[in-house]
Amino acid sequence: MKIKITFPDGSSKEYDKGITPLQIAKGISKGLANEILSARLNEREVDLTHKIEADATILFHKFRDEEGKKVYWHSTAHIMAQAVKRLYPDVKIAIGPAIENGFYYDFDKNTPFSDSDLKKIEEEMRKIIDENFYFERREISRDKALETFERFGENYKIELINELPVGETISIYVQGDFVDLCRGPHLISTNKVKAFKLLKVSGAYWRGDEKNKMLQRIYGISFPTEKEMQTYLKKLEEAEKRDHRKLGKQLDLFGFYNEVGAGLVHWHPKAGLIRNIIEDFWKKEHYKAGYDIVYTPHIGKANLWQTSGHLDFYSENMYAPMKIDEQDYYIKPMNCPFHIMIYKSKLRSYRELPIKYAELGTVYRYERSGVLHGLMRVRGFTQDDAHIFCTPSQLENEVVKLLDFSMFFLKAFGFENFEIFLSTKPDKAVGKDEDWEKATKSLKKALDISKLPYKIDPGEGVFYGPKIDIKIKDALDRAWQCTTIQFDFNLPERFDMTYIGEDNSEHRPFMIHRALLGSLERFFGVLIEHYAGNFPLWLAPVQVEVIPISENHFGYAKKILNDLQEQDIRTKINLENEKIGYKIREAENEKIPYMIIIGDKEVENQNISVRKHLNGNLGAFQLNEFIEKLKREIEQKK
RNA sequence: GCUCAUGUAGCUCAGUCGGUAGAGCACCUCCUUGGUAAGGAGGAGGUCACCGGUUCAAUCCCGGUCGUGAGCUCCA
């Protein structure tokens, strides 16, 4: 019997029934057969040894494909589990999937794995790879599966089997002395794994539920070549060097103090200066874009938060109230109720809309201690918040403007790559279905008009309305949530907000919450990592350092310092009793964008010698020529 | 919040199998006046996170608190 196999390019070929993807690949080229890891048969990902019984389309997956990586990493997870079972027979295995970068496997073990355990496991894995077991797939009945894992005492696997839907094929993979319940597919055999490393151990709840037992999760990664492994480890190292917590300390940007409390940021002078620049820029642009800037209190009465629904829906993130004149006041976790108060302070006409209130509003939210993370996750932060109140017909256009405004800001800070998500109605939600549909449609249309590519995140909207989130990708391609644009059905209703329409009757305004940078704290953290601490000239706390070579040059150097400062260039001078190399090293370490070296030559020629951070000597400049250059760069935000 | 790890000088880190601690850098003083990433010498600096317990004796062992890290969970 012959079957017809169709290839991705549309060509097709006949083969004997029962042929495997591997055999097909071998027929094409030995190199291909060597490189492929799995195959997609029609819509299904299969082992390379899968016997093909009918006509099908085929697509081979290599390591560079997502699917190939998954198979590779998942198989490595199995090898790790086998090693663990060999070394610690009493350990129960849970699940071991491939993840974005590598894989993990969860184990139930009474005592925690130590670093030396990881070493031992790695050694055992190497043996298993050398022994080169096949990953052998077997499809078995439910009863047989239950019996098998009961025999091994693998209660987690039994729980999984019991939850598989009736009629689902149950497959196990056998590699030597190790058997695992697994859908597959897998590599052909264990020695396909060439380079691997176990990276860390941590606790993880069974099935991700904190009511369940905490298991021990071992993370690892693997690659087809040692070189790729090294490249990956290098990238991890690079990320570590850029860690904003580390750079924050090195560059003296910000700090957290035990005496004050966890998750509460102190912006040191240099960061304060940068923040000030960001805020000035932000305010200027908001006025230009038709926003009104407001300031509102940090606390408000319980009743306000009752009306807004925060006490019902958000209280776990709010701090305990304080008593003032026998009344409970809460510190604000959000700014919206205050902006609504301003809106409601008088009767509004449709002619005034849209009204846009913007505020750099500092809010406090309770975050569980374990989730705090540098500037990225804190307990007190400043949102670059705004609320837009508009008529239904204005909604779409306002969202288009918002998307444009957001892109303008993010690009100004050097971000070029984004991930955009549209989140739709969750299970638990307020508002009518048809309103949701309308609002979601408007957001979608705005995205289409803005020609921004986006993904839909079904059911991930907030309970009060659909939203658009924009994540920025930093220099290392990591995504950070910044912009969020959220439609709100809830608050205008709760606060009974109205405006008088053309028809002389009351209408309910639409409301949008939005933050573009997100929070200044997180955004600053992302900025630090994105630029690796090398801030662009317009943001650099010190833009130029003047470095005289010896005492003889102090006079001229001070004059240069003065001239630059008069031109609003943030300049400092190094009058230390040190050699030039030492002073340059200090300035380089501080990541100051430009250094001006002043020695005999410069005094004599009445010019300056310029050195650029990370680039070295740029040679001689006339001072005003250099100032022009700086101003140009500042203007261009480079 | 949970699991594990962790907290020693301003920073990065040694160290003590229980007898009150050490390096490099930074800081201060002096010498040196040096041309594009570390010149030399000397000095000062620590209740070893905090609170209890065990002990003749605790920075070290035990318990708790606080902080930090990696994850889990959470994230309007």
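This is a predicted model, so every value here is computed, not measured. Each chain gets a letter, A, B and so on, in the order its sequence line appears, and its residues count up from 1.
Whole-Å rounding puts the A:Asn574 CG to B:U33 P distance at 18 Å. Between the CD1 atom of A:Ile584 and the P atom of B:A37 there is a distance of 6 Å, given to the nearest Å. Atoms CD1 (A:Ile597) and P (B:G34) sit 15 Å apart, rounded to a whole Å. Spacing between atom CG of A:Asp252 and atom P of B:C11 amounts to 11 Å, rounded to whole angstrom units. Atom CG of A:Asn212 is separated from atom P of B:U3 by 14 Å (rounded to the nearest Å). Following rounding to the nearest Å, A:Lys591 (NZ) and B:A37 (C1') show an atom-to-atom distance of 12 Å. For the pair A:Ile598 CD1 and B:U36 P, the interatomic distance rounds to 15 Å; values are reported in whole Å. For A:Gln216 and B:C2, the CD to P distance is 17 Å, given to the nearest whole Å.
A distance of about 16 Å separates the C1' atoms of B:A44 and B:G22, rounded to the whole Å. Nucleotides B:A23 and B:C48 have their C1' atoms positioned 16 Å apart, rounded to a whole Å. Taking the C1' atoms as reference points, B:C60 lies 40 Å from B:C75, given to the whole Å. Across B:G18 and B:U59, the matching P atoms stand 13 Å from one another, rounded to whole Å. The gap from the P atom of B:A26 to that of B:U12 amounts to 15 Å, rounded to the nearest Å. Look at the C1' atom in both B:U8 and B:C50: the space between them is 15 Å, to the nearest Å. The same atom, C1', is picked in B:A9 and in B:G15; the two are 14 Å apart, to the nearest Å. When the C1' atom is compared between B:G39 and B:G45, the two are found 24 Å apart, to the nearest whole Å.
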**Fill in**
Readout for nucleotides 64-76 of chain B: B = base within 4.0 Å of protein heavy atom, S = sugar-phosphate only, - = neither; 5' to 3' it is --SSSSSBBBBBB
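The existence of a salt bridge linking A:Glu545 and A:Lys583 is excluded, since no basic side-chain nitrogen approaches an acidic carboxylate oxygen closer than 4.0 Å. Ion pairing between a basic and an acidic side chain is recognised when a charged N comes within 4.0 Å of a carboxylate O; A:Lys629 and A:Glu633 show such pairing. Between A:Glu590 and A:Lys572, at least one side-chain nitrogen of the basic residue sits less than 4.0 Å from a carboxylate oxygen of the acidic one, meeting the salt-bridge criterion. Between A:Asp209 and A:Arg207, no side-chain nitrogen of the basic residue sits less than 4.0 Å from a carboxylate oxygen of the acidic one, so the salt-bridge criterion is not met. Taking the charged nitrogens against the carboxylate oxygens, A:Lys471 and A:Asp469 have no contact shorter than 4.0 Å, which rules out a salt bridge.
Judged by distance alone, with hydrogens and angles left aside, the side-chain atoms of A:Lys85 form a donor-acceptor pair with the main-chain N or O of A:Val91 at under 3.5 Å. Side chain of A:Ser423 to backbone of A:Pro466: no donor-acceptor contact under 3.5 angstrom is found. Side chain of A:Arg570 to backbone of A:Ala540: a donor-acceptor contact under 3.5 angstrom is found. Between the A:Gln543 side chain and the A:Leu537 main chain, a donor and an acceptor come within less than 3.5 Å of each other. Looking at A:Lys246, its side chain never comes within 3.5 Å of a backbone N or O of A:Glu240 through a donor-acceptor pair.
The list of salt bridge (charged side-chain N to carboxylate O under 4.0 Å, His left out) pairs with a residue in residues 354-370 of chain A, not counting sequence neighbours, reads A:Glu210-A:Arg368, A:Lys332-A:Glu359, A:Lys356-A:Glu398, A:Glu367-A:Arg377.
At a threshold of 4.0 angstrom between heavy atoms, the contacts of A:Ser609 include nucleobase atoms, whether or not backbone atoms are also involved. As judged by a 4.0 angstrom heavy-atom cut-off over every strand, A:Glu602 is placed among the base-contacting residues. Across all strands shown, A:Gln250 has no heavy atoms under 4.0 Å from either base or sugar-phosphate atoms. At a threshold of 4.0 angstrom between heavy atoms, the contacts of A:Lys601 include nucleobase atoms, whether or not backbone atoms are also involved. Nucleic acid contact for A:Asp488: none, since no nucleic acid atom lies under 4.0 Å from a heavy atom of the residue.
For the pair A:Lys246 and B:U12, the criterion of a side-chain N or O lying under 4.0 Å from OP1 or OP2 is not met. Listed pair A:Tyr582 / B:A26 meets the phosphate criterion, a side-chain N or O lying under 4.0 Å from OP1 or OP2.
With the nearest nucleotide of RNA chain B identified for both A:Glu588 and A:Phe113, A:Phe113 has the one nearer the 5' end.
Aromatic ring pairs are classed by plane angle as parallel below 30°, tilted from 30° to 60° and perpendicular above 60°; the pair A:Phe489 and A:Trp436 is tilted.
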Scan nucleotides 29-31 of chain B against the protein and return all N/O pairs shorter than 3.5 Å with their distances rounded to 0.1 Å.
unit_1	atom_1	unit_2	atom_2	d
B:C31	N4	A:Asn577	ND2	3.4

Using atom names, set out every protein N or O paired with an N or O of nucleotides 43-48 of chain B below 3.5 Å, distance rounded to 0.1 Å.
none

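Atom CD1 of A:Ile472 sits about 5.5 Å away from atom CG of A:Leu410, to the nearest 0.5 Å.
Aromatic pair A:Phe113/A:Tyr88: centroids less than 6.0 angstrom apart.
Remark: RNA chain B forms stems of 3 or more consecutive Watson-Crick or G-U wobble pairs, all pair distances under 3.5 Å, at B:1-7 with B:66-72, B:10-13 with B:22-25, B:27-31 with B:39-43, B:49-53 with B:61-65.
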**Item:** Derivation of the ring-ring contact (aromatic ring centres under 6.0 Å, His included) call for A:Tyr319 and A:Tyr364
**Value:** CA-CA 8 Å; A:Tyr319 291 101; A:Tyr364 289 85; 7.1 Å; no
Expected list for residues 508-522 of chain A: side-chain donor-acceptor pairs under 3.5 angstrom, two or more places apart:
unit_1	atom_1	unit_2	atom_2	d
A:Arg508	NH1	A:Asp496	OD1	2.7
A:Arg508	NH1	A:Met497	O	2.8
A:Arg508	NH2	A:Glu493	OE2	3.4
A:Arg508	NH2	A:Asp496	OD1	3.4
A:His513	ND1	A:His387	NE2	3.1
A:His513	NE2	A:Asp488	OD2	2.6
A:Arg514	NH1	A:His286	NE2	2.9
A:Arg514	NH1	A:Tyr291	OH	3.3
A:Arg514	NH2	A:His286	NE2	3.1
A:Arg514	NH2	A:Asp384	O	3.0
A:Ser519	OG	A:Glu521	N	3.4
A:Ser519	OG	A:Arg522	N	3.0
A:Glu521	OE1	A:Thr382	N	2.9
A:Arg522	NE	A:Met376	O	3.1
A:Arg522	NH1	A:Gln481	O	3.3
A:Arg522	NH2	A:Met376	O	3.1

